[in-house]
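Following: one structure in structure tokens, then a few remarks.
No experiment lies behind these values; they were computed from the predicted model shown.
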Amino acid sequence: MERLENCIRPRQNLKDRQSMLETDEEYCERWITIRIIYLSGFLMFLPFGVVTTSLWPYLQEMDSTSGKAFLSVLFAAPPAGQLLFSPLIGWCSNRMSSVRILFVLLTALYIFSNALYSVIELFSIPQRKYIILIARFGFGVATSINTISRAYISAATKISERTKTIAICSLSQTLGLLVGPILQSLFSLLGKDGVVLCGLRLNMYTSGGWICALGGTVYLLLLSPSTFVHRTIAFKEALKHKGIGKGVMENNQSLPMFPICMIITGYGFLMFFYVSFQTTISPIALDQFSWSHEESLYYLGMLLTVGTLCSCLIYLLLPYLSKKYHEHNVLVYFAILPMFLSQVMMIPTGQQKIEITDSGSGNSTATLFGCTQEGWCNSVPTISRYQLSISYGMLCVSFSVGIAITQTILSKLLGARPQGHWMALYTSVGGIARIIGPGTMLVYIKYGLYYLFGLGSIVAGVMLIWIWFYREFLHARTKLATKVPEEQELANFQ
């Protein structure tokens with residue numbers, strides 16, 4: 001009972017109270033707000049898991065004239081919205097006394113975008129694909145709330161609290177990715193007809209949008225002034241230790257530009273390959289296995305769920321791997337190497353041709369299931385379900401390890417100096433990769449699996465050789481950077 005009460009109303013321990021940085025009431029308000037921010041990570045990542053497998057069949061149902069090229073545009077819309085508006089929103093948050101207003105506005109946009117995604121059927125057919133594009137772009141702008149969340153957590157936590165807080169925030173985002181495919185698999189049982197309530201259709205495509213909109217509405221209630229109170233403590237702690245940071249400010253050690261560029265480039269390619277696979281996985285499954293849309297949502301939902309569980313497991317094992325092996329080796333053998341193998345695994349090697357079936361015999365208007373791409377479908381053998389599953393599993397391992405370890409190494413390479421603009425560049429490279437990644441759909445449409453994953457294997461192989469050959473640069477600079485205490489870095493930054 002005491003533990004439950006402490007979760008609802010956090011209590012300051014004796015050590016924190018003796019620091020005299022905040023009162024018991026301020027401590028309670030600060031941690032309630034932080035826990036509300038945890039929920040924002042889950043909420044913003046939930047639609048990614050829901051939409052990934054259903055967007056392509058949903059687009060076909062709403063506008064059968066839309067091709068796979070437009071699907072790549074829909075996948076690129078959210079990162080484009082985030083990339084364009086994150087700097088503006090970050091600039092506004094630095095000049096406002098409380099970030100609550102920005103949280104309210106972005107959550108309202110999140111609700112609107114998900115609801116709009118679910119009512120596409122109400123619009124005329126020529127307009128539908130553009131309404132989906134608007135909904136996806138609006139959702140991308142709303143995800144800029146993650147930028148504010150990271151900035152607020154940095155300001156609202158003490159050094160001793162920050163690592164655990166950021167870890168929980170990352171875990172909440174991963175749980176959003178985990179729950180999304182599970183929900184989509186369950187929604188597939190509704191079928192494409194579903195049920196109609198109050199003139200609005202609830203089916204396997206729209207249910208995810210309605211659930212996300214409902215979650216956003218509940219979250220909006222949690223953002224009331226009585227629960228979400230803007231409290232910061234990092235600057236107070238920095239003032240207490242301001243004498244420590246003076247010597248650090250005199251550190252004019254030059255930046256190790258080569259390993260920094262190598263890490264940022266590696267992160268960009270990790271993000272690029274992950275987004276590319278997420279974009280093409282649904283069309284590939286429909287083409288290769290002759291699945292119906294319902295089967296695609298069900299099976300791919302389960303695959304993405306298992307992949308996310310693997311990501312959670314790897315995330316828990318990462319501290320152990322970093323201690324047992326050096327971080328540069330973890331990057332090479334647990335991130336870049338699986339990325340390369342995931343591309344090689346998807347290259348067709350068998351002799352069996354892709355089957356094309358229809359929804360009814362003797363009916364000229366029957367729906368075709370299987371690969372209908374002109375130019376390569378009849379000449380490229382099919383892949384197996386095992387190839388797709390193993391490849392996606394390795395990609396999940398690569399992405400989970402790579403995203404965490406590249407940010408860790410980059411932080412240590414930068415050393416005891418302000419890192420805000422470098423971390424902004426790091427985030428921007430990821431955003432650009434998320435915009436370019438869906439463009440690989442054009443390669444798949446025109447040339448097929450050989451070119452898509454053959455070129456991917458070459459690029460990933462070159463990246464693997466490059467980082468493996470120069471990996472000692474990362475190790476040497478990491479050891480030097482860790483000589484500076486974390487308290488000095490924060491004091492210098494403030």
Side-chain angles (χ1 to χ4, degrees), residues 49 52-54 56-57 68 177-178 180-182 184-186 188 270 272-314 317 333-357 369-373 376-402 437 440-441 443-445 447-461 464:
T52 297
T53 57
S54 64
W56 171 236
K68 294 174 182 175
L177 293 175
L178 172 64
I182 296 175
Q184 188 58 73
S185 296
L186 295 175
S188 66
L270 282 165
F272 170 82
F273 281 113
Y274 184 76
V275 173
S276 172
F277 204 110
Q278 291 275 20
T279 305
T280 56
I281 188 172
S282 183
I284 287 174
L286 289 169
D287 288 343
Q288 297 289 316
F289 309 137
S290 298
W291 283 343
S292 66
H293 291 166
E294 291 85 353
E295 291 174 325
S296 172
L297 293 184
Y298 180 75
Y299 290 121
L300 290 182
M302 290 194 298
L303 177 61
L304 267 61
T305 300
V306 173
T308 309
L309 286 173
C310 290
S311 298
C312 294
L313 178 62
I314 293 298
L317 293 176
Y333 297 112
F334 292 91
I336 306 300
L337 179 59
M339 179 181 73
F340 168 71
L341 294 177
S342 72
Q343 296 295 303
V344 174
M345 179 64 67
M346 285 295 290
I347 298 176
T349 56
Q351 300 296 326
Q352 183 179 355
K353 298 299 181 180
I354 301 174
E355 296 182 0
I356 300 179
T357 59
F369 294 110
C371 185
T372 57
Q373 303 292 336
W376 59 266
C377 277
N378 296 327
S379 59
V380 175
T382 184
I383 61 172
S384 69
R385 292 170 175 79
Y386 297 105
Q387 281 181 269
L388 181 66
S389 301
I390 295 173
S391 176
Y392 185 73
M394 288 190 295
L395 187 65
C396 287
V397 172
S398 169
F399 184 74
S400 303
V401 174
T440 55
M441 178 67 73
V443 178
Y444 173 73
I445 293 171
Y447 300 106
L449 294 178
Y450 278 136
Y451 279 86
L452 177 62
F453 292 102
L455 291 174
S457 299
I458 294 173
V459 173
L464 174 63

Nearest 0.5 angstrom please: [X] [atom1] to [Y] [atom2], how far?
X: Tyr333; Y: Leu464; atom1: OH; atom2: CG; result: 8.5 Å
X: Ile390; Y: Arg385; atom1: CD1; atom2: CZ; result: 14.0 Å
X: Ser398; Y: Phe273; atom1: OG; atom2: CZ; result: 9.5 Å
X: Ser391; Y: Gln343; atom1: OG; atom2: CD; result: 6.5 Å
X: Met441; Y: Leu452; atom1: CE; atom2: CG; result: 9.0 Å
X: Phe340; Y: Ile458; atom1: CZ; atom2: CD1; result: 9.5 Å

>> Run the ring-ring contact (aromatic ring centres under 6.0 Å, His included) test against Phe272 and tell me which residues pass, sequence neighbours left out.
In response: none
> Got a sec, which residues hit ring-ring contact (aromatic ring centres under 6.0 Å, His included) with Tyr392, two or more places apart in sequence or on another chain?
Replying inline: Phe277
> So which heavy atom on Ser342 is nearest to which on Leu395, and how close?
Replying inline: OG-CD1, 3.8 Å
>> So which atom in Met394 and which in Pro338 form the shortest heavy-atom distance, rounded to 0.1 Å?
In response: O-CB, 3.6 Å
Partners meeting side chain to side chain contact (heavy atoms under 4.5 Å, CB included) with [X] (sequence neighbours left out):
X: Ser389; value: Leu303
X: Tyr451; value: Val443, Tyr447
X: Leu455; value: none

Within the structure provided, determine whether [X] and [Y] are in side-chain contact (heavy-atom separation under 4.5 Å).
X: Ile347; Y: Leu449; result: no
X: Phe453; Y: Val344; result: no
X: Ile383; Y: Thr349; result: no

>> Run the side chain to side chain donor-acceptor pair (under 3.5 Å) test against Ser276 and tell me which residues pass, sequence neighbours left out.
In response: Thr440
> Is the side chain of Gln387 donor-acceptor paired with the backbone N or O of Met346 at a distance under 3.5 Å, no angle test?
Replying inline: no
